[in-house]
Amino acid sequence: MSLKLTNTLTKRIEPFKSLTPGQVNIYCCGVTVYDLCHLGHARSYIVWDVLRRYLISQKYKVTFIQNFTDIDDKILARAAKENCTMNEISDKNIKEFHCDMDALGVLRPDRMPRATRCLDGIRSMIEKLEKKGAAYSVEGDVYFAVKKHTNYGKLSNRDLSEQQLNADGRVNEKEEARKQSPVDFALWKGAKEGEPSFPSAWGQGRPGWHIECSAMVLQELGETIDIHLGGADLIFPHHENEIAQSEMANGKELAKFWLHNGMVNVDGQKMSKSLGNFTTIRALLKGGISAMTLRIFILQAHYRKPLDFTKESLDAASQGWKRLNTCLCLGLNNHKVLDWPKHDFQETSISDIDKHATNETLAKYHQQFLDALDEDLNTSVAISILFELARPLKSLANQLIRDIPQSINELENKALYTRWKLLVSLAGILGLKAEQPHNSISKKEENLNASFIKEAIKIRKEAKLSGDFAKADRIREKLKSQGIELIDKKGGETDWIQN
RNA sequence: GGCGGCAUGGCCAAGCGGUAAGGCAGAGGAUUGCAAAUCCUUUAUCCCCAGUUCGAAUCUGGGUGCCGCCUCCA
């Protein structure tokens, strides 16, 4: 394996090599927990989930840390609005975050530190910076003196003298006056009236935004980590400031690889809270978009490029997933008919795929899939290989669902089983898992629904027999709009599945 | 103004110097109820101009357009 990744730090695609063989330490910038997550967040965490799964499949021991920013102006504003405490807002949204990410099949990070619970590390890092003369305190605030850091700007490739400082004129004049330079940023903010605060050597206050990540990386993973992840909008100033703080405090390079994902766009513009053009993950899932559809949608584009969110592209992903899903379900639902070994999805190990590639064609697909991911996580190509693998399986699946299965000789059957296993394994690296369509419904709805559908099928059959196809089609369309798909089989029988 | 990214068929999207993956939609054929679902087949010379090269969507230079960051942001 030779994984190559685009490193924002060097502006190049370079071979990935971990500091310790077989071990990868990753830190991923998490969310500020003041609200539900939107599709942009989903993209970020799904993409990095694939990176993680891929590394694990390549036998790396991965330690994945991701933070929660649980103190911030927006959380406080939300708390004031909802007349509750900051902690209540944070707790609630952390729960919601997990709910969404679990639904999307994003593996939970190994640890998820919260800013308010890492204050010792934060304070001691600020003290260290102060001792080194890289930080100064003014009236309860502490600022990082950017000019002390000779390499400032190395990540975002910026010359500070060329920047339009505070471009929007959104300058807090009081704060500006306290700073030695307009580019300096807060490490610690003195407490304001009525806001939650924490004790420190500089008085009551709270940490600035950037310092928590620096402190957590050190606390959880050490001075230098393999990979630091985040959205492209964090490159400046957040990651630049992290580098400045950590490298000044520790005297060591913060991260070997900096990876950044592209934004999700709506009508060509970045999806963001402030523009109000966001769609939450929750709304999408509730609206009937399946988690795996979102995964396909996101992974069909390269992670660094902007991704336009439109109804059309989502529909396309949905149709594509439907196709793939049929194939992934094949061996689960039909193993008896096909005489395939019973297969439990939960037990599919994503690091256990080598032995499945038994023939030349499958070995080729397998290799192409791995090569694609090696090449800076080309998930788009990886997915295309899943579709190639799926084609004959799709054919088989439809024979089973709709017709009498044709006789397959033993050799073919075995090859198809192997192909299916490979498909399941490779899909697993992308976090794509079968979503079983229900042809039996939960007990609660069973009586209501099943008999209703049965009745509808009966009426439709009568309509068909009497030649009233318009009526038959109306019934079919009506059920379809309710997620029930009718399938006319040979011999006049009608089956149904719920999508 | 500074830094960075992008421009490929109706839509989304790969491609990293040797002659355009994949998905969706469309078309034709099979099947069917002149239907749905399904299966098979099928559709591009890559924003413009100039250059390098035997050969460029891919490299260089110059345009044009769009976007991101410089302020909270995945």
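Throughout, a chain's letter reflects where its sequence line sits, starting with A, and its residues are numbered from 1.
Legend: residues meeting side-chain hydrogen bond (donor to acceptor under 3.5 Å, both in side chains) with A/Thr6, ordered by chain and number and at least two apart, are A/Asp376. The side-chain hydrogen bond (donor to acceptor under 3.5 Å, both in side chains) search around A/Asn25 returns none, not counting sequence neighbours.
Among the protein residues, A/Ala301 comes within range of the sugar-phosphate backbone only, with heavy atoms under 4.0 Å from sugar or phosphate atoms but none that close to a base. The residue A/Gly230 sits close only to the backbone: its heavy atoms come under 4.0 Å of sugar-phosphate atoms, none of a base. At the heavy-atom level, A/Phe297 lies nowhere under 4.0 Å from the strands shown. The residue A/His302 sits close only to the backbone: its heavy atoms come under 4.0 Å of sugar-phosphate atoms, none of a base. No contact: A/Val47 has no heavy atom under 4.0 Å from any strand. Within the 4.0 angstrom heavy-atom criterion, no nucleotide atom of any strand lies near A/Ile235. At the heavy-atom level, A/Asn378 lies under 4.0 Å from the strands shown only through sugar-phosphate atoms. At a threshold of 4.0 angstrom between heavy atoms, the contacts of A/Gly153 with the nucleic acid are absent.
A donor and an acceptor atom, one from each side chain of A/Gln66 and A/Trp48, are nowhere located under 3.5 Å apart.
Put simply, CG on A/Asp488 is 12 Å from P on B/A36, counting in whole angstrom units. Atom pair A/Phe236:CZ and B/G2:C1' shows a separation of 11 Å (rounding to whole Å applied). Nucleotide B/G15 holds its C1' atom 15 Å from the CG atom of A/Asp371, rounded to whole Å. Rounded to a whole Å, the CZ atom of A/Phe97 is 10 Å from the P atom of B/A74. Distance, A/Leu275 CG to B/C67 P: 12 Å, rounded to whole Å. Following rounding to the nearest Å, A/Leu307 (CG) and B/C66 (C1') show an atom-to-atom distance of 16 Å. Counting to the nearest Å, the P atom of B/G68 and the CE atom of A/Met271 are 13 Å from each other. The CG atom of A/Leu160 sits 18 Å away from the P atom of B/C69 (whole-angstrom rounding).
You'll find that the side chain of A/Pro237 is closest to B/C70, out of B/C70, B/G33, B/C3. Closest to the side chain of A/Arg158, from the set B/G2, B/A36, B/C39, is B/G2. Taking the side chain of A/Asp473 as heavy atoms from C-beta on, and the options B/A35, B/A14, B/A74, the nearest nucleotide is B/A35. Side-chain proximity of A/Ser313 to B/A14, B/A74, B/C12: nearest is B/C12.
Across all strands shown, B/G26 is found opposite B/U42 as a Watson-Crick or G-U wobble partner, with both distances under 3.5 Å. Nucleotide B/C34 forms a pair with no other nucleotide shown, judged by Watson-Crick or G-U wobble geometry with both contacts under 3.5 Å. Here B/C59 sits opposite B/G51 as a Watson-Crick or G-U wobble pair (both hydrogen-bonding atom distances under 3.5 Å). Checking B/C3 for Watson-Crick or G-U wobble geometry (two distances, each under 3.5 Å) identifies B/G68 as its partner.
Of the side-chain N and O atoms in A/Asn261, none sit less than 4.0 angstrom from OP1 or OP2 of B/A74. Between A/Asn265 and B/G68, a side-chain N or O to OP1/OP2 separation shorter than 4.0 Å is absent. Close to B/A7, at under 4.0 Å from its OP1 or OP2, lies a side-chain N or O of A/Lys305.
Between A/Met263 and A/Arg304, it is A/Arg304 whose nearest contact on RNA chain B lies nearer the 5' terminus. Nearest-nucleotide positions on RNA chain B place A/Val381 closer to the 5' end than the other of A/Pro392 and A/Val381.
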Contact letters for nucleotides 22-31 of chain B, in which S counts primed atoms plus P, OP1 and OP2 and B counts the base, heavy atoms under 4.0 Å: SBSS------
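Between A/Asp488 and A/Arg460 there is a salt bridge, since a side-chain N of the basic residue sits under 4.0 Å from a carboxylate O of the acidic one.
Counting heavy-atom neighbours within 6.0 Å of A/Lys458 NZ, excluding the residue itself, gives a total of 12 or less. Around the NZ atom of A/Lys148, the shell of radius 6.0 Å holds no more than 12 heavy atoms that belong to other residues, nucleotides or ligands.
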side-chain hydrogen bond (donor to acceptor under 3.5 Å, both in side chains) between A/Glu212 and A/Asn67, intermediate numbers included: CA-CA 9 Å; A/Glu212 68 180 71; A/Asn67 71 305; 2.7 Å; yes
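The ring of A/Phe278 has its center no closer than 6.0 angstrom to the ring center of A/His41.
Here the rule is salt bridge (charged side-chain N to carboxylate O under 4.0 Å, His left out) with A/Arg206, and of A/Asp73, A/Asp141, A/Asp72 only A/Asp73 fits it.
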